[in-house]
Chemist: 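To start, I am sharing the structure in question, which I have written as structure tokens.
When a ligand or atom number is given, it counts from 1 through the structure's own listing order.
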Amino acid sequence: MPVSGAAARILVVEDEPVINQAVTDRLRGSGYDVVQAWDGPGAVARFADTAPDLVLLDVMLPGFDGHEVCRRIQAGRPVPVLMLTARDDEADILVGLGIGADDYLTKPFRMRELVARVAALLRRVDRAAELAGRATTDLGDLRVDAAARRVWVTGTEVHLTPTEFDLLLYLAGNPGVVLTREKMYAEVWGWPGASGTRTVDSHVKALRAKIGADRVRTVHGVGYALEPGGAT
Ligand code: CA
């Protein structure tokens, strides 16, 4: 069940009718309000009409693909996106993450895992709202405003995706501490599964590109740490 009172609305985008309906039925059985789309243009239109809380998005779609759908809907307002992909290669995942997807599941997936990932992503959104009460954090020349969800590097504002921001907030809450990929995935994505470690790597890569590569230190074979003083 959704954690935030009223049933969360989920947009399911999948061109394979059997999979679309099976996913929809399962999510409705778990108490969610589900709306459906079967192609790229339809997904963008449904998103605008129904204002879902989360989007389940197949990559290969008629019209235009899931990456383009993700880019278009994220341009309007940030929304958690769980990508469904048939290809488990790194390039595909990176492209997906680069346009604002929060997590991915490789087909074939278990319905139980899909429902658990959806619940975890929605919990994360709730937790992010709670964290909004936190004060601004200054780490050297890096400033993180948790309430406004804004970030500045040497006085210049940097625009992060919701996932990049949550990741930075977690790192900034533990400056200088080496955090394992498993712990980061459990804490930021809210889903303690080792399968998410590559998701963490991809998002750290995207975050580094925006805030400066040397601010996030790689501890080989262990994980990552935010440099407490920031870089110059
Ligand atoms: Ca497809």
Chemist: Among Trp189, Tyr224, Tyr185, which residue meets the ring-ring contact (aromatic ring centres under 6.0 Å, His included) test with His203?
Modeler: Trp189
Chemist: Looking at residues at least two apart in the chain, or sitting in another chain, which of them share a side-chain hydrogen bond (donor to acceptor under 3.5 Å, both in side chains) with Glu68?
Modeler: Arg71, Arg72
Chemist: Salt bridge check: are Asp145 and Arg150 linked by an N-O gap of less than 4.0 Å?
Modeler: no
Chemist: I'd like to check Ile19 versus Val23 (side-chain heavy atoms, cut-off strictly below 4.5 Å). Are they in contact?
Modeler: yes
Chemist: Can you list, by chain and residue number, the protein N, O or S atoms under 3.0 Å from the Ca ion (ligand 1)?
Modeler: Asp15 OD1, Asp58 OD2, Met60 O
Chemist: Using side-chain hydrogen bond (donor to acceptor under 3.5 Å, both in side chains) as the criterion, list what pairs up with Gln74, not counting sequence neighbours.
Modeler: none
Chemist: Taking only residues two or more places apart in sequence, or in another chain, which ones meet Gln21 in a side-chain hydrogen bond (donor to acceptor under 3.5 Å, both in side chains)?
Modeler: Asp25, Gln36
